[in-house]
Peer 1: 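Quick one: this structure, given as structure tokens, is what I'll be asking you about.
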Amino acid sequence: MVKPSIPKGTRDFAPTEMIRRNYIFDTIKAVFKKHAFLPIETPSMENLSTLMGKYGEEGDRLLFKVLNSGDFKQGVDFENLTSNQLTSKICEKGLRYDLTVPFARYVVQHQAEISFPFKRYQMQPVWRADRPQKGRYREFYQCDVDVIGSTSLLNEAELMQITDEIFTSFGIPVVIKINNRKILSGIAEVVGEADKLTDICTAIDKLDKIGKEKVCEELKERGLSCEAIGKMDPFFCFCGSNEEKLAQLDKVFANSEIGLKGLSEIRQMLAYAAQMDIKAEIELDITLARGLNYYTGAIFEVKAQNVSIGSISGGGRYDDLTGIFGLKNMSGVGISYGAERIYDVLNELNLFPTNIDSPIKALFINFGEKEELYALKGLQALRQAGIASELYPEKAKIGKQMTYANAKAVPFVIMAGADEIAENVYTLKDMNSGEQRKLNIAEIREIIAATL
RNA sequence: GCGAUUGUAGCUCAGUUGGUUAGAGUACCGGAUUGUGGUUCCGUGGGUCGUCGGUUCGAAUCCGACCUGUCGCCCCA
């Protein structure tokens, strides 16, 4: 006997969980569609050459690699190769790590068929060989929207609007944090460490988590001069409204062209957003850096208020993701919503709508051969009215059938034995109140339909 | 990849310095009750004590490795 189990960091989803997950996907998808985005899907596996080197050293380690089919041993020197070298000999495929890189590959490969700007959405699982923790899995879903082939900041603004609409639908209060890589470049330039941009980004990103002192320590470890770290001090304590922060940055960036460009982009985004009736708070946070190093412009991160769960969404603009696949001048901007994080937030805040938990509205009790034929007629009438309903497939004891209805949270049970058949009616039982009445099927249909 | 911690019935957990045949609650199934569930009572079944190895006369209990879950670090949705 094999003990049933699934790989580390993966999960089964029970019907009750799937109903809630589908609610999340459906809600997000509805907003994407309304904003004129089109769906695509890409394969679970990509060639490793597509994936490797796009996510930094750490990312390469977290890629799941797929062993070659056939005799992968042939002609490979197992003795004298390091694990990494061996991997490249015996694996040429890997599971996708995110949806953005496969999207870039898709765009280049299908550029002739696509009309740009291309607005696509994609909701599929991704895999990371990470160590599982709370809210972190090895297989999880991302819901991505991207606009590629347009540099307009209208796109950034639209992504903020989409974010706002999605989380308004969920009833989750959020803060949309924004920043711009050009501002971070400006900071690096101003403190005289322009070539250390990546190190500055990874360190500064942790400010709210580990505090200013530890960030300075890390910057030191990463090779920044004490002088430069001292100059960064003012950037750690920007406060006030977005306008106030921008005004302060204007002064600091007086001699940094790229820094000023970042500021003007933020201003333009905010100006567009102001026309879009966005309810969520939009906060300029210059310590927001995000690990992925392909971002070149705007950066987004969405945090739910009043919960301890980390970011539930993140994204940004990338100017040259398609370059490595041979297509230049194809700037894009996108954002990704983490389905399982949103699930946890909805759960914690008790925000799942209660009406989705009873997908089956009525159960016909099976009394036997003759009675089930009569029940089938009623069942048909309800289904034609779009009411999800079923007939218990066996003549089991009534108590057992009732327990079944209870376990599935079915709100109505319908019974018909010899008496009901003679009168051409059905007994409708409301499982919440326990009340039951003899009615004809049209009346039953109306009563159930009224609860939908 | 590094560190800490966890694992006993489908689920939640007892189990004495290592000592007979490993228990309870709950769920399931059957009955009390052949047209009534979410509240009763009785009964049946269900365990390679995570896996493999070691110490011992004897291991659920002690030791090691691995696997799984959880929590930090790294990184990230």
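Each chain gets a letter, A, B and so on, in the order its sequence line appears, and its residues count up from 1.
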Peer 1: When the distance from OH of A:Y404 to C1' of B:A27 is rounded to whole Å, what number comes out?
Peer 2: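 Distance check: A:Y404 OH to B:A27 C1' gives 18 Å.
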Peer 1: Less than 4.5 Å apart, side chain to side chain, heavy atoms only: is that true for A:Y141 and A:Y343?
Peer 2: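 A side-chain contact under 4.5 Å is absent here.
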Peer 1: Just checking A:R437: does its CZ atom have more than 12 heavy atoms from other residues, nucleotides or ligands closer to it than 6.0 angstrom?
Peer 2: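 Incorrect, the count does not exceed 12.
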Peer 1: Enumerate all atom pairs, one protein N or O and one N or O from nucleotides 35-39 of chain B, separated by less than 3.5 Å.
Peer 2:
| residue | atom | partner | partner atom | Å |
| --- | --- | --- | --- | --- |
| B:G35 | O6 | A:E420 | OE1 | 2.9 |
| B:G35 | N1 | A:E420 | OE1 | 3.2 |
| B:G35 | N1 | A:E420 | OE2 | 3.0 |
| B:G35 | N2 | A:E420 | OE2 | 3.2 |
| B:U36 | O2 | A:K429 | NZ | 2.8 |
| B:U36 | O2 | A:Q436 | OE1 | 3.4 |
| B:U36 | N3 | A:Q436 | OE1 | 2.9 |
| B:U36 | N3 | A:Q436 | NE2 | 3.2 |
| B:U36 | O4 | A:Q436 | NE2 | 2.7 |
| B:G37 | O2' | A:N406 | ND2 | 2.5 |
| B:G37 | O6 | A:K429 | NZ | 3.4 |
| B:G37 | N1 | A:M431 | O | 2.8 |
| B:G37 | N2 | A:N406 | OD1 | 2.8 |
| B:G37 | N2 | A:M431 | O | 2.8 |
| B:G37 | N3 | A:N406 | OD1 | 3.2 |
| B:G37 | N3 | A:N406 | ND2 | 3.2 |
| B:G38 | O4' | A:N406 | ND2 | 2.8 |
| B:G38 | N2 | A:M431 | O | 3.4 |
| B:G38 | N2 | A:N432 | O | 3.2 |

Peer 1: Can you tell me the distance, in whole Å, between the CZ atom of A:R136 and the C1' atom of B:G1?
Peer 2: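 Distance, rounded to whole Å: 13 Å.
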Peer 1: So among A:R136, A:K134, A:R11, which one has a salt bridge (charged side-chain N to carboxylate O under 4.0 Å, His left out) with A:E340?
Peer 2: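 That would be A:R11; it is the only one of A:R136, A:K134, A:R11 passing the salt bridge (charged side-chain N to carboxylate O under 4.0 Å, His left out) with A:E340.
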Peer 1: Check whether the side chain of A:R131 and the base of B:G3 form a donor-acceptor pair under 3.5 Å.
Peer 2: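 Answer yes: a donor N or O sits under 3.5 Å from an acceptor.
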Peer 1: In whole angstrom, give me the gap between the P atoms of B:C29 and B:C67.
Peer 2: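 To the nearest whole Å, 38 Å.
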Peer 1: Just call it for A:G9: base, sugar-phosphate, or nothing, with non-hydrogen atoms closer than 4.0 Å on any strand.
Peer 2: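 Answer is sugar-phosphate: A:G9 comes under 4.0 Å of backbone atoms only.
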Peer 1: Stems involving RNA chain B: give each as a range paired with a range, ordered by first number, where a stem means at least three consecutive Watson-Crick or G-U wobble pairs under 3.5 Å.
Peer 2: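 Stem list for RNA chain B: B:1-5 with B:69-73, B:10-13 with B:23-26, B:29-32 with B:40-43, B:50-54 with B:62-66.
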Peer 1: Work out how far the C1' atom of B:C11 is from that of B:G3, and round it to whole angstrom.
Peer 2: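 Rounded to whole Å, the distance is 31 Å.
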Peer 1: How about A:H35 and A:Q161: do any of their side-chain heavy atoms sit closer than 4.5 Å?
Peer 2: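 The answer is yes; the side chains approach within 4.5 Å.
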Peer 1: Taking N or O atoms only and anything under 3.5 Å, show me the protein contacts with nucleotides 6-12 of chain B, one pair per line.
Peer 2:
none

Peer 1: Taking atom C1' in both B:G64 and B:G46, compute the distance separating them and give it to the nearest angstrom.
Peer 2: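 Each nucleotide's C1' atom is 33 Å from the other's.
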Peer 1: When the P atoms of B:U61 and B:A9 are compared, how many Å lie between them, rounded to an integer?
Peer 2: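 Between the two P atoms, the distance is 15 Å.
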Peer 1: Please state the C1' separation for the pair B:U8 and B:G25 - nearest whole angstrom.
Peer 2: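 Here B:U8 and B:G25 have their C1' atoms 15 Å from each other.
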Peer 1: Would you say A:K8 reaches B:U68's phosphate, i.e. side-chain N/O to OP1/OP2 under 4.0 Å?
Peer 2: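 For A:K8, the contact criterion (side-chain N or O under 4.0 Å from OP1 or OP2 of B:U68) is met.
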Peer 1: Quick check: do A:F170 and A:I342 have side-chain heavy atoms less than 4.5 Å from each other?
Peer 2: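 Yes - at least one pair of side-chain heavy atoms lies under 4.5 Å apart.
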Peer 1: Can you tell me how far P of B:C2 sits from CG of A:D130, to the nearest Å?
Peer 2: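 So the two atoms are 14 Å apart, to the nearest Å.
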Peer 1: Who are the side chain to side chain donor-acceptor pair (under 3.5 Å) partners of A:H110, not counting sequence neighbours?
Peer 2: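 For A:H110, the residues satisfying side chain to side chain donor-acceptor pair (under 3.5 Å) (neighbours in sequence not counted) are A:E113.
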Peer 1: Do you know the tightest heavy-atom contact between A:N424 and A:Y374?
Peer 2: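 That closest heavy-atom pairing would be C-OH, 3.1 Å.
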Peer 1: Can you check the distance between B:G69 and B:G7, where both ends of the measurement are the C1' atom (answer in whole Å)?
Peer 2: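 Roughly 8 Å separates the two C1' atoms.
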Peer 1: Grab the CG-P distance between A:L63 and B:C75 for me, whole Å please.
Peer 2: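 Rounding to the nearest Å, CG of A:L63 and P of B:C75 are 17 Å apart.
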Peer 1: Within this structure, what is the CD-to-C1' distance between A:Q122 and B:A77, rounded to whole angstrom?
Peer 2: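 Roughly 15 Å, once rounded to whole Å.
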Peer 1: Heavy atoms only: give me the nearest A:G297-A:K182 pair and the separation to one decimal.
Peer 2: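 The pair with the smallest heavy-atom distance is CA-NZ, 4.1 Å.
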Peer 1: In whole Å, what separates the P atom of B:G37 from that of B:U48?
Peer 2: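 Taking atom P in both B:G37 and B:U48, they lie 35 Å apart.
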Peer 1: What is the minimum heavy-atom distance between A:M232 and A:L224, and which atoms define it?
Peer 2: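 In this case the closest contact between A:M232 and A:L224 is SD-CD2, 4.3 Å.
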Peer 1: For residues 355-368 of chain A, pull every pair meeting side chain to side chain donor-acceptor pair (under 3.5 Å), keeping only residues two or more places apart or in separate chains.
Peer 2: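 For residues 355-368 of chain A: A:R20-A:D357, A:N366-A:E372.
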Peer 1: Specify the separation, in whole Å, of atom CG of A:L99 and atom C1' of B:A77.
Peer 2: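 Computing the A:L99:CG to B:A77:C1' distance gives 11 Å.
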Peer 1: Where do A:V66 and A:C91 come nearest, in terms of heavy atoms and distance?
Peer 2: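 Residues A:V66 and A:C91, closest heavy atoms: O-CB, 3.4 Å.
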Peer 1: Inspect the surroundings of NZ in A:K279 and state if more than 12 heavy atoms from other residues, nucleotides or ligands are less than 6.0 Å away.
Peer 2: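 Atom NZ in A:K279 is crowded, with more than 12 foreign heavy atoms closer than 6.0 Å.
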Peer 1: Is the A:Y55 ring parallel, tilted or perpendicular to the A:Y97 ring (thresholds 30°, 60°)?
Peer 2: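 Tilted.
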Peer 1: What distance, rounded to whole Å, do you find between the two P atoms, one in B:U51 and one in B:G43?
Peer 2: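 To the nearest whole Å, 31 Å.
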Peer 1: Roughly, in whole Å, what's the span from OH in A:Y294 to C1' in B:C75?
Peer 2: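 Those two atoms, OH and C1', are 14 Å apart.
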Peer 1: Quickly work out the A:I342 CD1 to B:A77 C1' distance and round it to whole Å.
Peer 2: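 Value for this atom pair: 9 Å.
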Peer 1: Want to settle it: does A:R61 or A:R341 sit nearer the 5' end of RNA chain B, counting the closest nucleotide to each?
Peer 2: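 The 5'-side residue here is A:R61.
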Peer 1: Which part of the nucleic acid, if any, lies within contact of A:Y137, taking any heavy atom under 4.0 Å across all strands shown: a base, the sugar-phosphate backbone alone, or nothing?
Peer 2: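 Touches a base.
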Peer 1: Would you call A:K34 and A:E165 a salt bridge, taking side-chain N to carboxylate O under 4.0 Å as the test?
Peer 2: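 Answer for the salt bridge query: yes.
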Peer 1: Below 3.5 Å between N/O atoms, which protein atoms pair up with nucleotides 44-47 of chain B? Just atom names and distances, please.
Peer 2:
none

Peer 1: If the test is side-chain contact (heavy atoms from CB on, under 4.5 Å), which one of A:L349, A:N347, A:I172, A:D344 qualifies with A:V307?
Peer 2: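 Among A:L349, A:N347, A:I172, A:D344, the one that satisfies the side-chain contact (heavy atoms from CB on, under 4.5 Å) with A:V307 is A:L349.
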Peer 1: Scan A:Q142 against the nucleic acid and name what it touches under 4.0 Å (heavy atoms): base, sugar-phosphate only, or nothing.
Peer 2: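 Result for A:Q142 = sugar-phosphate.
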Peer 1: I need the minimum non-hydrogen distance between A:P102 and A:R96, along with the two atoms involved.
Peer 2: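 For A:P102 and A:R96, the tightest heavy-atom pair comes out as CG-CB, 4.0 Å.
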Peer 1: I want to check one thing: is the phosphate of B:G72, taken as OP1 and OP2, less than 4.0 Å away from some side-chain N or O of A:Q133?
Peer 2: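 The answer is yes; a side-chain N or O of A:Q133 sits under 4.0 Å from OP1 or OP2.
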